Protein chains: 4
Amino acid sequence: MSWNTFGRVLRMTTWGESHGPAIGCVLDGCPPGIALGVSDIQPWLDARRPGQNRFTTQRQEPDQVRILSGVFEGKTTGTPISLLIENVDQRSKDYSEVAKAYRPGHADYAYDAKYGFRDYRGGGRSSARETAMRVAAGAVARLVIPEVNILAYVSEIGGDAIDPAKFDAGEIGNNTFWCPDAAAAQRWEALVDGARKAGSSLGAVVECVATGVPAGWGAPIYAKLDADLAAGMMGINAVKGVEIGDGFGAARLTGEQNADPMRPNETGGENGPAFEANHAGGIAGGISTGQPVTCRVAFKPTSSILTPVETIDNEGNATEIRTKGRHDPCVGIRGVPVVEAMMALVLTDHKLLHRAQCG
Amino acid sequence: MSWNTFGRVLRMTTWGESHGPAIGCVLDGCPPGIALGVSDIQPWLDARRPGQNRFTTQRQEPDQVRILSGVFEGKTTGTPISLLIENVDQRSKDYSEVAKAYRPGHADYAYDAKYGFRDYRGGGRSSARETAMRVAAGAVARLVIPEVNILAYVSEIGGDAIDPAKFDAGEIGNNTFWCPDAAAAQRWEALVDGARKAGSSLGAVVECVATGVPAGWGAPIYAKLDADLAAGMMGINAVKGVEIGDGFGAARLTGEQNADPMRPNETGGENGPAFEANHAGGIAGGISTGQPVTCRVAFKPTSSILTPVETIDNEGNATEIRTKGRHDPCVGIRGVPVVEAMMALVLTDHKLLHRAQCG
Amino acid sequence: MSWNTFGRVLRMTTWGESHGPAIGCVLDGCPPGIALGVSDIQPWLDARRPGQNRFTTQRQEPDQVRILSGVFEGKTTGTPISLLIENVDQRSKDYSEVAKAYRPGHADYAYDAKYGFRDYRGGGRSSARETAMRVAAGAVARLVIPEVNILAYVSEIGGDAIDPAKFDAGEIGNNTFWCPDAAAAQRWEALVDGARKAGSSLGAVVECVATGVPAGWGAPIYAKLDADLAAGMMGINAVKGVEIGDGFGAARLTGEQNADPMRPNETGGENGPAFEANHAGGIAGGISTGQPVTCRVAFKPTSSILTPVETIDNEGNATEIRTKGRHDPCVGIRGVPVVEAMMALVLTDHKLLHRAQCG
Amino acid sequence: MSWNTFGRVLRMTTWGESHGPAIGCVLDGCPPGIALGVSDIQPWLDARRPGQNRFTTQRQEPDQVRILSGVFEGKTTGTPISLLIENVDQRSKDYSEVAKAYRPGHADYAYDAKYGFRDYRGGGRSSARETAMRVAAGAVARLVIPEVNILAYVSEIGGDAIDPAKFDAGEIGNNTFWCPDAAAAQRWEALVDGARKAGSSLGAVVECVATGVPAGWGAPIYAKLDADLAAGMMGINAVKGVEIGDGFGAARLTGEQNADPMRPNETGGENGPAFEANHAGGIAGGISTGQPVTCRVAFKPTSSILTPVETIDNEGNATEIRTKGRHDPCVGIRGVPVVEAMMALVLTDHKLLHRAQCG
């Protein structure tokens, strides 16, 4: 079932295919009176934008966002905010071969099995282009939670991880990998370049930390903050795994090792406990604890590779396919602003939900 | 915001605290005409039931389910199915200390921060007892997808993993750990016993495989099959990580390694391609491919341990707490039937959603 | 599709058939810290309860509600509130004839067409007994909106309307018809008695007024306060029409006649305008204006009558049916507490929604 | 709370203000493989379009719809369908006075009370222009239910009703009032013209009949077909009342009079009973019976009138206001295509919901 809406009271609905005239989203439920202009959104889109260097797809899209509704005299009115980006650089001819054969790792076969046919141009609805609208909506969401700061970065590419001891947030903007470890960024340059030249691709891990989240957002069951984050992150293209806090690492700890002991907060009880660790990733029983909310997200290697892969065609005959389009050798890199956006959308939704119930 | 409903068209709503008179759930949207009796549900509850051996909590609950509505002359009527289990073995006095101090790793502090107070008896709404109702609802869901077979098992406890080469599905029922590797099961006996005696606890990894899922269930965006599975699994108590297919492992593969090549199916094209690998875990672009749907779920070690942990009390003063109640040394073990139940609920929901849109 | 949940963030899910062991509901999303006990709910159920006099069904149900979850030490915890009423006076044998033939005006035929079969005992899920749970949930909702006062009454039975000039709220509790006009109540006694003795039944109109609703609840589109009220009221058994404010009467007015002019409020601007009329029923553009919210609800005559009606049986053969069970000669009378409950649920939902978005 | 989405599995989300650059909607959940082009939608928009004669607003909008997504090679793909109409004839200066004073009958005051400020240009989000998108989405929905025929018409203007004996469906397209009674249409011409010249306005009643709806769509509780219709119709601008079948008239009938007796269907049992009446409007217990689904909708007179009305300004001071913009003297007339569209959307949603649960 087509279900292009995300969120419970702050609801984002996206639409559009990579080779249609435009993509867009409707963000509904945003509080009124928030100053909002294109300049609040465009920088985040520019950060995600393809075609900026040789490590990302060479598709050239200016990704200029327009605000079509929901803003009056520079402020949100509380009515739905419609955002639209025109598709400029569509080259449908790149995709002629894809029309006939199923690309392994893509949704081609699954679409045909579900719908009976598919829009084969550039992945249609499954194109990573859809994530541009999440970034745009996330930019608006950030304005609703000024108390929160969200930071994501790549912590691992092709199995080569950063050295946590060398973590430097200031480095993240200094390289094209959103890498907080300068030495790792240098290694990755060779690594990703090698994969690109070999017609191959690499996976990556993105980490995200949200600080400033007050204790009390979330819910005990089903609309848990961690469950909603898991859905939001797993729903990003190419994502295959999500961890909150220590994630799978927690499965290897003992109860004592995994405890996050609490001490009195020297700044006063109102500010909550001083936690001595954060194995839980800032969430207990589905509810935020006031600690940083942390998650890790695994991106598979780009499925579109130049190396031929065995497959079948629409009629079930054996063939092979090379994906000649313009693709990222490591989609995880461009996943960073998308991960941040989904974090912003989930947290904003829960801020509103919390005040709905608890005033 | 309290949000105790899971699912889009097959919707499960659970209620109840571990120390109230009963727990229950309402399963809405179940197709009519399905043969359903207590005997379809009770065996799954018995499998999950505590108090069966020294590796799980000694709380003694018969967990006898009653069907209060939605069934007439032995068949579902299409109206809401109300299931109820009375709480028999509540011993509130065990929890007196918890009323005053916050247990690290539990939601105690988060509840107080959110709601201003909490039902401190046995974790209240956050008790693992709530998962009994998921198992019950999942048992009903299984009847709606007879074409699917769901199997979960523990693949790792305290960092000690099974040997995949020794995987034997027939072993799973032969030991108290749902372990498919007889040698690992033997090692775990000592491991878990040691943790229990030391007043400690251990984490675990549960794997789940659903075979028989036809290609075409799921959706391209937001209601992706993998996103809904991630929400369902991450929403289980003590879960901190979810992987679909190779999960974080996929982040370490190249595009060629991670491809799932397709070959013609010798049994005929109608049955879809013969896939040569299943790194994707049976889901591409949010839609099932016809391969087995696989996921891995990380359970943290039980937070309730006898070893004292530093914490603060309701008034912000330093103290420490030992959790003397009856608790599992490894909650992941009892997570196995819950993981299966969530898989069943998600798949059933998507079967119904698929036929809503695609007939 | 079975969809037994009402509300957007305050969500009521009901379950149960009139001849099953019990009926119940789960009220999710209720704010925490509200004093709640059985004594807050039972009086409203007693008001709705059947078997009290000869104008309502002679079925004898004590309708004693139990609170099974969501309350701790006398206060709501913010987790789902489960309410349950056991069915005591089920006499299935009364309904043997109904199993074979379709009762005109009932859902018998529609159920068979939809589900392939039906629980024919007492209307199954379509029994007016389901409305007891709405009354119970509505009683809880009222506690969340103490600023609002809700009053419903019968304004017309069998075409005989009250005289608005004789409206006396104090009279409503003095007669069994919830009638605010003592003279009309006297006339109705003969009218309804006559219908009962003749094996016939009568329709009725119920009016409901909610005072104290602040300006600003509701939404411009789709989740309009009036649209949600319309859904809530039309969803009550036997209801065939809903009006907000002047309703169909407004269609006969000119723009000048229908205007609700505003004057400065002598008590100060903070309290909003002093409206000179309330044709709009307290709602403009889907949002409350601060005036009383008013609606009118039309109940058809009870379909279960002793007079034989032509129908067909399960196999399509001509037959006729008399409904010999215990039924109200005028279901609209017992609709009064249900209308109040739906008003309470809708208003409470919108109070929470409003503060979600607007703080 | 802003909630601009209508429907349960076929979901329409609209956006846009009358004086912004465009209005639009996203229709999600549409089945795949349906032939769809602009020519399937545009005629319905043209029917609703303003500026066509002196009985409707003189605003000139070509209302040319564009399909931005969800269609490939002339067929729906099953992904979200984005529709957009550019606003051409915005004259913001017409509304300068409205910025300062509250128009009675409009949502001006309610918006300010809710959001703290408002987009005062042309009613902002509450403009009847929003209904253009419902008509567009409804045009798509019609294609999903080819078995159903939907017909709406005006049955009453300013209290002057058609003569049911003169009902002629063929007349509806022959006059500008969608009037099925030629004589009434002639009377209304003078009536509406008089109101227009007097700077006044008139209310109207629109009736809608859907034939071909099979028995079995809908649900017993909450998602009742009639409850969803009530919400859909009451949510149309200016609507104050909704009736299903006999509506308020049913409240004046006896049980015998209101019965819809059933006789064997001479064409065979598979086609359901031959009903001898349709007081119920084709819905019993929330589920369609196979008879025509009928409803009546009351539109209040246009609130924007040239006659001055007493009101207050933003600061609470007494003033009066004449609404000088271009407005319909009877908004109910242009409500006809909108009523048809909401009927189409509700029925389509329930067709999909029915097959989700019942296959």
Side-chain angles (χ1 to χ4, degrees), chain A residues 1 3 5 7-13 26-34 36 69-70 72 75-82 140-141 143-147 214-225 228 285-288 345-359, chain C residues 1 5 7-13 26-34 36 69-72 75-82 140-141 143-147 214-225 228 285-288 345-359:
Chain A
M1 188 81 206
W3 208 291
T5 299
R8 297 173 191 274
V9 292
L10 183 82
R11 277 147 294 122
M12 162 180 65
T13 301
V26 185
L27 187 67
D28 201 6
C30 183
I34 295 177
L36 176 66
S69 71
F72 180 59
K75 289 190 294 182
T76 60
T77 58
T79 60
I81 299 168
S82 173
V140 180
L143 303 174
V144 185
I145 46 169
E147 64 271 52
W217 292 1
I221 309 281
Y222 306 133
K224 289 183 169 191
L225 190 52
D228 281 1
I287 302 170
S288 60
L345 287 160
V346 169
L347 290 176
T348 304
D349 198 21
H350 277 283
K351 176 180 179 170
L352 303 190
L353 282 164
H354 177 64
R355 73 185 186 196
Q357 185 178 22
C358 297
Chain C
M1 188 81 205
T5 299
R8 297 173 190 274
V9 292
L10 183 82
R11 277 149 293 122
M12 161 179 67
T13 302
V26 184
L27 187 67
D28 200 6
C30 183
I34 294 176
L36 177 66
S69 70
V71 175
F72 180 58
K75 288 191 295 182
T76 59
T77 58
T79 59
I81 299 168
S82 173
V140 180
L143 303 174
V144 185
I145 47 169
E147 63 271 53
W217 291 1
I221 309 279
Y222 305 133
K224 289 183 170 191
L225 189 53
D228 281 1
I287 302 170
S288 61
L345 287 160
V346 170
L347 291 176
T348 305
D349 198 21
H350 277 283
K351 176 179 181 172
L352 303 189
L353 282 164
H354 177 63
R355 73 185 186 196
Q357 185 178 22
C358 298

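Naming: A, B, ... by sequence-line order, numbering from 1 per chain. Not measured: the values here are computed from a predicted model.
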- Rounded to the nearest 0.5 Å, what's the gap from CG on C:L353 to CG on A:L352? Could you check?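 Result: 10.5 Å between the selected atoms.
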Handout entry: Separation between CZ of C:R8 and CZ of A:R8, rounded to the nearest 0.5 Å
Key =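 Going from the CZ atom of C:R8 to the CZ atom of A:R8 covers 15.5 Å.
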Top contributor to chain C contacts, counting heavy-atom pairs under 4.5 Å, from A:C358, A:P80, A:P220:
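Top count of heavy-atom pairs under 4.5 Å with chain C: A:C358.
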C:Q357 versus A:C30, closest heavy-atom pair with distance: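 So the two residues come closest at NE2-O, 2.8 Å.
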Practice item. Grab the two heavy atoms, one from C:R355 and one from A:A356, that are nearest each other, plus how far apart they are. Key: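 Result for this residue pair: NE-O, 2.9 Å.
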Checking A:R11 now: which residues fulfil salt bridge (Lys or Arg N to Asp or Glu O under 4.0 Å) with it, not counting sequence neighbours?
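Listed in chain order: A:D28.
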message = Quick check on the interface: out of C:A219, C:G33, C:G78, who has the most heavy-atom pairs with chain A under 4.5 Å?
response =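 Looking at each of C:A219, C:G33, C:G78 in turn, C:G78 comes out on top.
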